[in-house]
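Inspection log for the structure reproduced underneath, given as structure tokens.
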Amino acid sequence: MSVRAKKHLGQHFLNDELIAQQIADSLIGKNYKNVLEIGPGMGVLTKYLLKKDFTTHVIEIDSESVEYLKAHYLNLASRVILKDFLKINLSDYFGKEQVAIIGNFPYNISTQIVFKTLENRHQIPEFSGMFQKEVAKRIAEKEGSKVYGILSVLTQAFYDVEYLFTVPPTVFNPPPKVDSGVIRLTRKENYTLPVDEKLFYKVVKTAFQQRRKTLRNSLKTLNLSDSLREDTIFAKRPEQLSVQEFINLTSKIEKDVV
């Protein structure tokens, strides 16, 4: 019995044991006992996670995969969750315990998985996974690059990001049309912002929506005072600002009185 990859779920099953082991080994395993694998498919990554010291749980939306996992990994059966990761509350399954996230993520929901992780960062100290290479690079990129954007800034505000390695299409069934990339996120010691979080998100998103413009033009809709708009930072384009500079900018906007 094997599971058929379903296009509507964005499934590409990894069939390279060495790469599966490398992804499992990418978790450092500090300060948590639980790991949640998203989209395990037929368990090529799962079996290496089960050899580790932590407790592995898996969440899968495909009932055929769930049946396969329960039949082939008997010691995992009680920790297989048939749900959509994007729709669950982590606390329903892990209470207040810390849990690391790992997976070979479906390309079509990979950025949503990152945003959900950021929302639950108080509970997720570490995150390791495979994305479309272009998305992985974007998350890890630093300022000054054309691919540096909203996802880069918001992720790096709370996590240290490392691009680990590239994976070719040939190790998947069916093979995707692009390379994949594996990254690791390690939560920062201080993962709260010294500014209003909603405003920070708004500033970053508004700035990058017109990324070719200077901040003086792209942030017009925020109705800033003329005196603040004279600050030299507003002559820059968003991709020139580091994460810290975006935090500083948000702080200035918070204090601005029009």
Side-chain angles (χ1 to χ4, degrees), residues 22-38 49 52-54 57 85-86 88-91 93-103 105 110-131 135-145 147-165 181-208 233 236 238-255:
Q22 283 179 302
I23 298 170
D25 289 347
S26 68
L27 285 179
I28 294 163
K30 274 187 185 171
N31 304 322
Y32 59 85
K33 299 191 299 256
N34 298 297
V35 170
L36 179 62
E37 183 191 354
I38 298 172
L49 294 172
K52 303 280 185 184
D53 287 340
F54 38 68
H57 307 252
F85 173 73
L86 298 175
I88 66 159
N89 288 319
L90 278 178
S91 57
Y93 298 91
F94 299 99
K96 291 182 178 178
E97 287 189 22
Q98 300 286 288
V99 55
I101 300 293
I102 194 167
F105 304 128
S110 61
T111 54
Q112 291 165 269
I113 290 170
V114 174
F115 283 123
K116 171 122 180 167
T117 296
L118 300 184
E119 282 169 29
N120 290 275
R121 63 185 183 275
H122 61 283
Q123 202 160 2
I124 302 173
E126 196 174 28
F127 172 109
S128 189
M130 181 145 49
F131 295 79
V135 177
K137 285 283 189 190
R138 196 181 308 148
I139 296 168
E141 198 57 87
K142 296 294 183 193
E143 69 275 8
S145 159
V147 299
Y148 177 76
I150 295 170
L151 202 54
S152 328
V153 176
L154 298 183
T155 306
Q156 292 172 37
F158 308 112
Y159 288 87
D160 293 319
V161 184
E162 297 165 87
Y163 185 93
L164 300 177
F165 55 91
V182 176
I183 57 170
R184 175 172 58 220
L185 312 184
T186 309
R187 190 176 61 198
K188 294 184 172 183
E189 269 188 46
N190 183 4
Y191 53 89
T192 56
L193 293 177
V195 292
D196 180 77
E197 194 178 309
K198 278 187 180 168
L199 181 60
F200 175 72
Y201 272 60
K202 186 177 183 181
V203 168
V204 173
K205 287 178 177 178
T206 307
F208 278 107
I233 199 168
K236 292 185 173 185
E239 71 218 37
Q240 295 175 290
L241 268 63
S242 67
V243 174
Q244 187 56 53
E245 284 175 309
F246 267 110
I247 292 169
N248 296 346
L249 173 61
T250 306
S251 178
K252 288 176 180 181
I253 290 171
E254 257 183 336
K255 294 169 185 158

Handout entry: Ring center gap for F127 and F105 short of 6.0 angstrom
Key = yes

Handout entry: D196 versus E254, closest heavy-atom pair with distance
Key = N-OE2, 2.8 Å

Exercise for the section: Using a strict 4.0 Å threshold on nitrogen-to-oxygen distance, state whether E197 and R121 make a salt bridge. Expected result: yes

Problem - Any donor-acceptor N/O pair, T117 side chain to I113 backbone, under 3.5 Å - result: yes

Completion exercise
Heavy-atom nearest pair, N190 first then T192, reads OD1-OG1, 2.9 Å

Practice task
Starting from the C-alpha separation in whole Å, work towards a yes-or-no answer on side chain to side chain contact (heavy atoms under 4.5 Å, CB included) for L154 and V243.
Solution key: CA-CA 8 Å; L154 298 183; V243 174; over 6 Å; no

Exercise for the section: Nearest 0.5 Å please: distance from the CD atom of E141 over to the CD atom of E239. Expected result: 11.0 Å

Problem - Salt bridge flag under 4.0 Å for residues D25 and K52 - result: yes

Handout entry: L151 side chain reached by F115 side chain, heavy atoms, under 4.5 Å
Key = yes

Practice task
Give a yes or no on whether the backbone of E126 and the side-chain of T186 come within a donor-acceptor separation of less than 3.5 Å.
Solution key: no

Handout entry: Criterion side chain to side chain contact (heavy atoms under 4.5 Å, CB included) on K236 and L241, from CA distance to verdict
Key = CA-CA 8 Å; K236 292 185 173 185; L241 268 63; 3.7 Å; yes

Exercise for the section: Identify the two heavy atoms, one from A136 and one from G181, that lie closest to each other, and give their separation to 0.1 Å. Expected result: CB-O, 3.7 Å

Exercise for the section: May I ask you to establish whether K116 and F85 are in a cation-pi arrangement, using a distance under 6.0 Å from NZ or CZ to the six-membered ring centre and at most 45° from the ring axis? Expected result: yes

Fill in the blank from the handout: Tightest non-hydrogen contact, residues Q98 and I124, listed as OE1-N, 4.4 Å

Practice task
Decide yes or no for L36 and F94: does some side-chain heavy atom of the first lie under 4.5 Å from some side-chain heavy atom of the second?
Solution key: yes

Fill in the blank from the handout: Rounded to the nearest 0.5 angstrom, the CE-CD1 distance for M130 and I183 is 12.0 Å

Exercise for the section: Ignoring hydrogens and angles, tell me if any N or O in the side chain of S152 forms a donor-acceptor pair with the backbone of G149 under 3.5 Å. Expected result: yes

Practice task
Tell me, please, whether F54 has K30 positioned over its six-membered ring: NZ or CZ under 6.0 Å from the ring centre and within 45 degrees of its axis?
Solution key: no

Fill in the blank from the handout: In terms of heavy-atom contacts, Y32 and P125 come closest through CD2-CG, 3.5 Å

Fill in the blank from the handout: When every non-hydrogen atom of V195 is compared with those of I247, the smallest separation belongs to CG1-O, 3.7 Å

Problem - Min side-chain heavy-atom separation L249-V203 under 4.5 Å - result: yes

Exercise for the section: Kindly say whether I139 contributes a backbone atom to a donor-acceptor pair with the side chain of Q156 at under 3.5 angstrom? Expected result: yes

Practice task
Answer yes or no: does atom NZ of K188 have more than 12 heavy-atom neighbours from other residues, nucleotides or ligands under 6.0 Å?
Solution key: yes

Exercise for the section: Indicate, with yes or no, if the rings of Y191 and F158 have centres closer together than 6.0 Å. Expected result: no

Exercise for the section: Can you sort out the partners of E143 under side-chain contact (heavy atoms from CB on, under 4.5 Å), two or more places apart, ordered by chain and number? Expected result: Y148, S242

Exercise for the section: Measure the CD1-NE2 distance between I101 and H57 for me, rounded to the nearest 0.5 Å. Expected result: 10.5 Å

Exercise for the section: Given side chain to side chain contact (heavy atoms under 4.5 Å, CB included), test F165 with I23 step by step and report yes or no. Expected result: CA-CA 9 Å; F165 55 91; I23 298 170; 4.0 Å; yes

Exercise for the section: Would you indicate whether the side-chain heavy atoms of R184 and I28 approach each other to under 4.5 Å? Expected result: yes

Handout entry: Gap separating the CG atom of L199 from the OG atom of S251, nearest 0.5 angstrom
Key = 9.5 Å

Practice task
Please lay out, stage by stage, how Q22 and V182 fare under the test side chain to side chain contact (heavy atoms under 4.5 Å, CB included).
Solution key: CA-CA 10 Å; Q22 283 179 302; V182 176; over 6 Å; no

